[in-house]
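Read the structure below first, then the notes.
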Protein chains: 2
Amino acid sequence: MVKKNKTTIKDIANVLNISAAAVSKALHNDSRISEKTKKAVRQVAKNLNYQPNHLASALRSGKSKLVGVIVPKTNSNFFSATIHNIEEVLNEEGYNIIITQSNESFEKECKNIDALLYTQVDGIIASMANETVNLEFYEKIKAAGIPLITFDRGENDLNVDYIGIDDYNSSHIIVNHLVEQGCQRIAHIGGFKRTRIFNNRIRGYIDALKKHNLPLDEELLIESDLTVKDGRKKMEQLLALDNRPDAVYVAGDYAALGALQVLQEKEVKIPDEIALVGFGDEPFSAMVTPSITSVNQHSYKIGRIAAETFLEYAKKPKIEQSLNKIILDSDLIIRASSLKKK
Amino acid sequence: MVKKNKTTIKDIANVLNISAAAVSKALHNDSRISEKTKKAVRQVAKNLNYQPNHLASALRSGKSKLVGVIVPKTNSNFFSATIHNIEEVLNEEGYNIIITQSNESFEKECKNIDALLYTQVDGIIASMANETVNLEFYEKIKAAGIPLITFDRGENDLNVDYIGIDDYNSSHIIVNHLVEQGCQRIAHIGGFKRTRIFNNRIRGYIDALKKHNLPLDEELLIESDLTVKDGRKKMEQLLALDNRPDAVYVAGDYAALGALQVLQEKEVKIPDEIALVGFGDEPFSAMVTPSITSVNQHSYKIGRIAAETFLEYAKKPKIEQSLNKIILDSDLIIRASSLKKK
DNA sequence: TATCTTTGCTTAATCGTTTAAACAAATATA
DNA sequence: TATATTTGTTTAAACGATTAAGCAAAGATA
């Protein structure tokens, strides 16, 4: 069963009594090799079950045809879909991707970057962990001279390409919607302020309130790690207020789900007593009862654009990156949790 | 900004006026290199920001220190957690993993296998796509002489290691539980019969009914692709029966969620009119209302064991695999959807 | 003092593929 | 017929790291 000694280009050469170089060229369809030889080479390659050795060609050419992808976690619909689309675009051009997850840990993210650089990837497409504030390791990627594309969670200071939705504006859309529904005391369970996207959502929330002449109540603006558990906790905190909110905008669907549970347990009527809006449009948001209004982040487009951006750099001989933001509009998917019957 | 020309072992050698071989040995802490030289080498390596070229060492040693992981999808809690644990174990031994998803497509899975073999991975840990019946590509892995470990979704015919839970017995545990709750007409929305794990769940269901002297009603045994959508459809189908079931055991949590939605929409009381049990213990199962009873698949253990099994082979010089099943017990997590108040 | 060991390094081959350069043979051009 | 061009191939170096083998110098042993 164990057939070690994989067949190499040399084995094919020996069978046909030609040089290894000729075989290599034949397999790459070089114009200087006769059709006859090419056919023979292909036939023998097939017979011997030849599989090219990626390590050797990558070493020689200096291109590994591998692209590293760093995401905080894969078990989120957004990231999983984004990865899928990145893969689709890159596979077409002969690239394969190495997916790594940071689990929102800075330490793990650093390890992942090292592992990817060590594997000699031709580029990295990344969405940063919540914890990441020190950009030293990302600078390492740039120092390695390979393109770095960020999406969803990026940092201006890195001065590289970024693809994401307009978080600031998304908050406006959400607040507009809630005001339209008649809500006047809108709370925000936001993500960590230090993470850019969450900061933008918070700023958008504050500015949108201002726009509608609604007062900003510090009690109603809460920072959270956006897990289900913390969503529960923060919702309980809001319910304990003397003056409860009449709407809660949660910066993540998981936390929104936690909030939903608490509201149901306390038999608060949704959306009439408190309207609820999440962010990210995870599949379960459409599936729970009541379904949760949420923001779709265009994972489809983001993945494609990130991959295409990488490919553009890959074609160029010299890489000269700069802060280049591609901001997509977001879609508010209005569902039962915020749509009041008139 | 762009520092191409990565520093190599040779650059270090030049600086110190020693040979590249000496540098290599110094970096590997060879006993035949003086402490003085070692220190100097490490210092220069650091100064020049030396990063070893994985491709070169992998080519030379024949070991890439990469392990391929194939899963149907990453946005499932089970697979995501398994991957995480595989990674944890392998990282410790200096291995990195390449995650690929088949999206339940046979074609994609084949492409992934080719890509992994091409990348010269030292082994593959895989869970097969639903669609996969042709094992030709998996045989290719074996032919390449690298270890193949399967988990969750495997095939006896492959004759390789398999780690999974006892699906057959899980069905027994579920049926026992439902009978205990007083259910007599237990339906099963199962996965595809051709997939081994789902087939085992179906067989377990049938045998468990027999054990309890319950008749097997063909109307109550339905095949499904286990998506939310299909879960809805199949539940509607069951509700349309003249003689409705009083319990439904769904072979996947997503489909169970779809079923739950339909039950709620039709205002069927859960669990009193119809009790519901899912499979896989996805996070949302605990989070929806009512929470769904489900089976925990020990993603933690499965990932660890799969990785450890690979490591064992990696240590051996010759690989001789055979059908070697490690079957773990499953845990039934009883929740509101099936627990009747007495 | 002569021989053996150990230490610390160098040389050179190697992994499998790619590719610039060389070259012989066939064909075209003047 | 002599020269230039094209065709189809070979030779050899290279990618960067590893490692068996070799070797000189220093130290140990008899």
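Just so you know, these numbers use all the heavy atoms, side chains as well, and skip hydrogens, waters and symmetry mates. Sequence lines set the chain letters: A, B, ... in the order given, protein chains first and strands last, and positions in each chain run from 1.
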**OP:** Grab the two heavy atoms, one from S299(B) and one from N85(B), that are nearest each other, plus how far apart they are.
**Re:** O-ND2, 3.7 Å

Original post:
Taking only N and O in the side chain of S34(A), is any of them less than 4.0 Å away from OP1 or OP2 of dT9(D)?
Top reply: yes

**OP:** Please state whether the rings of F78(A) and F151(A) are parallel, tilted or perpendicular, taking 30° and 60° as the class boundaries.
**Re:** tilted

Original post:
Between D122(A) and G62(A), what is the shortest heavy-atom contact and its length?
Top reply: OD1-O, 4.3 Å

Original post:
Atom CG of L27(B) and atom P of dT19(D): how far apart are they, to the nearest Å?
Top reply: 13 Å

Original post:
Which part of the nucleic acid does L55(A) contact within heavy-atom distance under 4.0 Å: base, sugar-phosphate only, or nothing?
Top reply: nothing

Original post:
Could E93(A) and K315(A) be called an ion pair, given the rule that one side-chain N must be under 4.0 Å from one carboxylate O?
Top reply: no

Original post:
So which one's nearest nucleotide on DNA chain C is more toward 5', A56(B) or V23(B)?
Top reply: V23(B)

**OP:** Could you tell me whether the side chain of F310(B) reaches within less than 4.5 Å of the side chain of I86(B), counting heavy atoms only?
**Re:** no

Original post:
Any idea which of dG16(D), dT11(C), dT17(C) is nearest the A21(B) side chain?
Top reply: dT11(C)

**OP:** Would you kindly give the CG-to-P distance between N53(B) and dT14(C), to the nearest whole Å?
**Re:** 21 Å

Original post:
Are the side chains of K10(B) and V23(B) in touch, meaning some heavy atoms are under 4.5 Å apart?
Top reply: no

Subject >> Protein-nucleotide distance (I33(B), atom CD1; dT19(D), atom P), rounded to Å >> reply: 13 Å

Original post:
Between R153(A) and E104(A), is there a salt bridge with N-O shorter than 4.0 Å?
Top reply: yes

Original post:
Between E87(A) and K111(B), is there a salt bridge with N-O shorter than 4.0 Å?
Top reply: no

**OP:** Mind telling me whether Y118(A) and H54(B) have parallel, tilted or perpendicular rings, with 30° and 60° as the class edges?
**Re:** tilted

**OP:** Using a cut-off of strictly less than 4.0 Å, decide whether S19(A) has a side-chain nitrogen or oxygen near OP1 or OP2 of dT10(D).
**Re:** yes

Subject >> S24(B) vs dT19(D): side-chain N/O to OP1/OP2 distance below 4.0 Å >> reply: no

Subject >> Between C1' of dT19(C) and CZ of R32(A), the distance in whole Å >> reply: 12 Å

**OP:** Could you state the atom-to-atom distance from CD1 of I12(B) to P of dT10(C) in whole Å?
**Re:** 14 Å

Subject >> Distance in angstrom units between I9(A) CD1 and dC15(C) C1', rounded >> reply: 13 Å

Original post:
Does any residue of residues 112-124 of chain A have a heavy atom under 4.0 Å from DNA chain C, and if so, which ones, in number order?
Top reply: none

Original post:
What are the two closest non-hydrogen atoms of P72(A) and S102(A), and how far apart are they?
Top reply: CA-OG, 3.2 Å

**OP:** Could you state the atom-to-atom distance from CD1 of I18(A) to C1' of dT7(D) in whole Å?
**Re:** 15 Å

Original post:
Among residues 37-47 of chain B, which residues get a heavy atom nearer than 4.0 Å to DNA chain D?
Top reply: none

**OP:** For D30(B) and dT6(C), give me the distance from atom CG to atom C1', rounded to whole Å.
**Re:** 14 Å

Subject >> Side chain of A22(A) - closest among dT10(D), dT17(C), dA17(D) >> reply: dT10(D)

Original post:
Considering only heavy atoms and no angle criterion, is a donor-acceptor pair shorter than 3.5 Å present between the side chain of K25(A) and the base of dT17(C)?
Top reply: no

